[in-house]
Amino acid sequence: MSTEPASVPDPGYNFAYLNEQTKKMIRRALLKAIAIPGYQVPFASREMPMPYGWGTGGVQVTASILTPDDVLKVIDQGADDTTNAVSIRKFFRRTAGIATTSDTETATVIQTRHRIPEEPLSESQILVFQVPIPEPLRFLEPRETETRKMHAYEDYGLMHVKLYEDISQNGHIATTYAYPVRVEGRYVMDPSPTPKFDNPKMDNCEALQLFGAGREKRIYALPPYTRVVSLDFEDHPFEIQKWTEKCSLCGADDSFLDEVITDDKGGRMFVCSDTDFCSKRQIGRQEAAE
Amino acid sequence: MTAPLLSVGNLTKRFGATTACSGISFDLWPGEVLGIVGESGSGKTTLLQCVAGLQSADEGSVAYHLDDGHRIELSTLSEPALRRMQRTEWAFIHQHPHLGLRMNVSAGANIGERLMANQWQHYGNIRSEAEKWLQAVEIDSSRIDDLPSTYSGGMQQRLQIARNLVSKPKLVFMDEPTGGLDVSVQARLLDLIRNLVRKFGLSVVIVTHDLAVARLLSSRLIVMRNGEIIEEGLTDQVLEDPQSAYSQLLVSSILQV
């Protein structure tokens, strides 16, 4: 676990990189998104000093909601120490001078690429998702004009066509990530490419969840305590992934595991994808042993 | 006497200076198959699309009678209500199967789409219904998980029919359903359509330039030219004893083998 205290930002940058007008515009989109849970609000996405697909949507949302007192945590596939997470944390240290941490509990804003931390979130936290393709219906309906109407008229039969196709080709619902959800019984939403393992965590979550898609110029949100139901069939109910192994580092049997190839002779191990959760458990185990 | 299922009154559709349909009126009675024939560019397809709500007419009315005796005017219907009607009460068979099918999902999913849109949520039931409909259109049910792109043209057209009829519509619009198919496949498809129409008591509006198709399927015929109705009457009457000069020309232009 590493925490860096707040510092002085680089001169020449406005607080958190974006200018105030842009942040205002994004905040207006955010407010609308929160008012209509699951609805995709268009916004004037800006060029950011990073390529599309690296989290430009999430970064813009984070930049708009940060205050000087915030403590930022950034995770990439659950890990605090991968390139994307490290760079975004550094970016905000440099442009906003805010404190950063890898500790889920002390963070006030968590920007994530494709995972929700294993530790339960609280009302004082905001989770910001980086979203590549916000439209859950895009797989079967390429026309934006048509998908907008489908959302407006609650015309969601097509979403089940995708799940039907999964079962008919694989014998079970093989969608493991970006698993579509229904928000408060109204909008169908793509929970970004988070594994479906995390879908139940979105339901009735205490924290505010914000989704930013930079290239597609869309923002959507889940206010705290929102009902989020994963779509399924009566005879093929929604299920999350299960593993027969435990984490080889901390022994957890209830977290999302990554399979790591260790050599070219078939050696492999399973480890928690949430590095903060895993290292905390390892410390706990050491202390218990001593 | 019962009311007509569909009443079209004085329907006009213009594209800029071109008038595609001008002042078209006709009634469709329950269980009737109405053929619309005419040369290409005569406005048949535009008329069909306006009546089916796929295009909006500039003038005139299209009224549809529901089972409960209510008469609804198409132009006053909200878009979601119209879309609901298009996927439950009505069906539209396109000339090209790829316009009416989803080519990137299996045949079963194609047939199941209307069911799922109408709140079917049980995979097993959707699948058995899809198998039933594949058999009804003479496609081997072992092909249920194959993509439509692996089907022949005739099979694709039959799949499109199954996909549309699965919601048990009352009114079916067909736009040249046999166009682009070879003669033997055409004959088989026409036979199938005729049987399905009888079996389910469908009312059909079928647009075709092929008088043989019209003769085989329809009980009443409308002959169109330049966006206007030239002649209408019972199919046999129109084809055996055409009154207008244009209908005579059309009938005499059928190729004789």
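Just so it is clear, the structure is predicted and the values come from calculations on it, not from any experiment. A, B, ... follow the sequence lines: proteins, then strands. Residue 1 opens every chain.
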Chain B heavy atoms under 4.5 Å from [X]: which part of the residue, side chain, backbone, both or neither?
{"X": "I167(A)", "result": "both"}
{"X": "L140(A)", "result": "both"}
{"X": "Y164(A)", "result": "both"}
{"X": "H160(A)", "result": "both"}
{"X": "E154(A)", "result": "neither"}

Best-contacting candidate, H236(A), K149(A), Q169(A), against chain B by heavy atom pairs under 4.5 angstrom | K149(A)
Can you confirm whether [X] is buried at [atom1], in the sense that more than 12 heavy atoms of other residues, nucleotides or ligands lie under 6.0 Å from that atom?
{"X": "E239(A)", "atom1": "CD", "result": "no"}
{"X": "K246(A)", "atom1": "NZ", "result": "no"}
{"X": "L190(B)", "atom1": "CG", "result": "yes"}
{"X": "E259(A)", "atom1": "CD", "result": "yes"}
{"X": "F270(A)", "atom1": "CZ", "result": "yes"}

What residues of residues 120-127 of chain B sit under 4.5 Å from chain A when only non-hydrogen atoms are counted?
-> Q121(B), H122(B), Y123(B), G124(B), I126(B), R127(B)
Positions in residues 150-167 of chain B that reach chain A, provided some heavy atom is under 4.5 Å away = none
Is there a donor-acceptor pair closer than 3.5 Å between any side-chain N or O of E113(B) and the backbone N or O of G157(A)?
-> no
Chain A contact via I144(B) - which portion, at a heavy-atom distance below 4.5 Å = side chain
Sort R84(B) into side chain, backbone, both or neither according to what part of it lies under 4.5 angstrom from a heavy atom of chain A.
-> neither
Value for CE (M116(B)) from CZ (F233(A)), rounded to nearest 0.5 Å, stands at 5.0 Å
The reported gap from CD in E165(A) to CG in N110(B) (rounded to nearest 0.5 angstrom) is 8.5 Å
Residue, of A109(B), S78(B), A117(B), that accumulates the most heavy atom pairs under 4.5 Å with chain A | A109(B)
Considering only heavy atoms and a distance below 4.5 Å, find which of D145(B), N118(B), L115(B) pairs most often with chain A.
-> D145(B)
Under a 4.0 Å N-O cut-off, is there an ion pair linking R87(B) with D155(A)?
-> yes
Here the pair of heavy atoms bringing R102(B) nearest to L158(A) is NE-CD1, 3.3 Å
Report the residues that fulfil salt bridge (charged side-chain N to carboxylate O under 4.0 Å, His left out) with R198(B), sequence neighbours left out, ordered by chain and then residue number.
-> none
Applying side chain to side chain donor-acceptor pair (under 3.5 Å), name anything that partners S142(B), two or more places apart in sequence or on another chain.
-> D140(B)
